[in-house]
Amino acid sequence: MSNAMLAREVGIAESTCLVRVRSLRERGVVRGIHADVDPVAVGRPVEAMIAVRFGGHRRSHFEQFTEEVPQLPGVLGAYHVSGAIDYYVHVATESADALRDFVLDHLTNRPGVLHAETSLIFESLRGRGTMTRPDDEGGPEEEREERA
């Protein structure tokens, strides 16, 4: 969304909007601005979530995994989680064969990895929720109503 559209959406001047967005980026609140790319449109129609479980919890294995896996082609995200699974890796590949090869070549052969279980993603829905601090009272719409 352009700065002009964002300013219009939240009901402030474009210059004010630009200053606020820059401030959010400088403070690390906004970590980046990303394109929402359709994997099918770029030749990667097979999406999967791969649950990875480590056999032990050696810090070096986790550090290597954390550093290297997000950089692999086709990885859309990697999530270190609690519970029986240690990581979920979200990937998009060009075929089922490429998905199998990805798991075998890049995940199951890693030091410490005990098990990888692949779940195909049939549909991906992106949330449109807003991120606000817990102490904020309402979002931009409520703020506009209060000013009116």
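Every value quoted in this text rests on a predicted model; they were computed, and no experiment measured them.
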Nearest heavy-atom approach of V103 to A116 is CG1-CB, 4.2 Å
Verify the cluster assignment for L72 and F65: are they in a single hydrophobic cluster under the rule of side-chain heavy atoms below 4.5 Å apart? yes
When rounded to the nearest 0.5 angstrom, what distance separates OG1 in T66 from CD in Q64? 10.0 Å
Shared hydrophobic cluster, M1 / I33 (ILVMFWY, side-chain heavy atoms < 4.5 Å): no
Which pair of non-hydrogen atoms, one from A96 and one from V46, has the smallest distance, and what is that distance? N-CG2, 4.0 Å
Hydrophobic cluster membership, I85 vs V113, 4.5 Å side-chain cutoff: no
Heavy-atom pair with the smallest gap, counting every atom of V69 and V75: O-CG2, 3.4 Å
In this structure, OG1 of T108 is separated from CZ of R100 (nearest 0.5 Å) by 11.5 Å
Working to the nearest 0.5 Å, report the span between SG of C17 and CD of E9. 10.5 Å
For a quick test of reading the model, state the closest non-hydrogen atom pair linking A92 to P39 and the distance between them. CB-CB, 4.0 Å
Supply the atom-to-atom distance S119 OG to H90 NE2, rounded to the nearest 0.5 angstrom. 11.5 Å
To check you understand the geometry: which heavy-atom pair defines the closest contact between A51 and Y88, and what is its length? CB-CE2, 3.7 Å
Taking atom types as modelled, find out whether S23 and R27 have a side-chain donor-acceptor pair closer than 3.5 angstrom. yes
Before giving the answer on salt bridge (Lys or Arg N to Asp or Glu O under 4.0 Å), spell out for R8 and E14 the whole-Å C-alpha distance, their side-chain angles and the decisive distance to 0.1 Å. CA-CA 8 Å; R8 197 170 29 254; E14 289 181 32; 5.4 Å; no
Quick check against the 3.5 Å criterion: does D86 have a side-chain atom that pairs as donor or acceptor with the backbone of R53? no
Might you work through the side-chain contact (heavy atoms from CB on, under 4.5 Å) test for I50 and E117, ending with a clear yes or no? CA-CA 6 Å; I50 306 161; E117 183 175 326; over 6 Å; no
Quick one: are the ring centres of Y79 and Y87 less than 6.0 Å apart? no
Take V37 and V42, measure what side-chain contact (heavy atoms from CB on, under 4.5 Å) needs, and give me the verdict at the end. CA-CA 8 Å; V37 177; V42 294; 3.9 Å; yes
Going by distance alone, is a donor N or O of one side chain under 3.5 Å from an acceptor N or O of the other, for H106 and D101? no
Using the side-chain contact (heavy atoms from CB on, under 4.5 Å) rule, take E94 and L99 through it: C-alpha gap first, then chi angles, then the decisive distance, then the call. CA-CA 8 Å; E94 55 273 9; L99 175 59; over 6 Å; no
Which atom names give the shortest non-hydrogen contact between D105 and N109, and what distance separates them? O-ND2, 3.0 Å
Hydrophobic clusters here meaning ILVMFWY residues chained together by side-chain heavy-atom distances under 4.5 Å, can you tell me if L76 and L120 are in one? no
Taking the side chain as every heavy atom from C-beta outward, state whether P73 and R44 have any pair of such atoms under 4.5 Å apart. yes
Using the rule that Ile, Leu, Val, Met, Phe, Trp and Tyr join whenever any side-chain heavy atoms are under 4.5 Å apart, tell me whether M49 and L107 fall into a single cluster. no
Straight-line distance of H80 NE2 to F62 CZ, nearest 0.5 Å: 4.5 Å
Distance from L6 atom CG to R20 atom CZ, nearest 0.5 Å? 10.5 Å
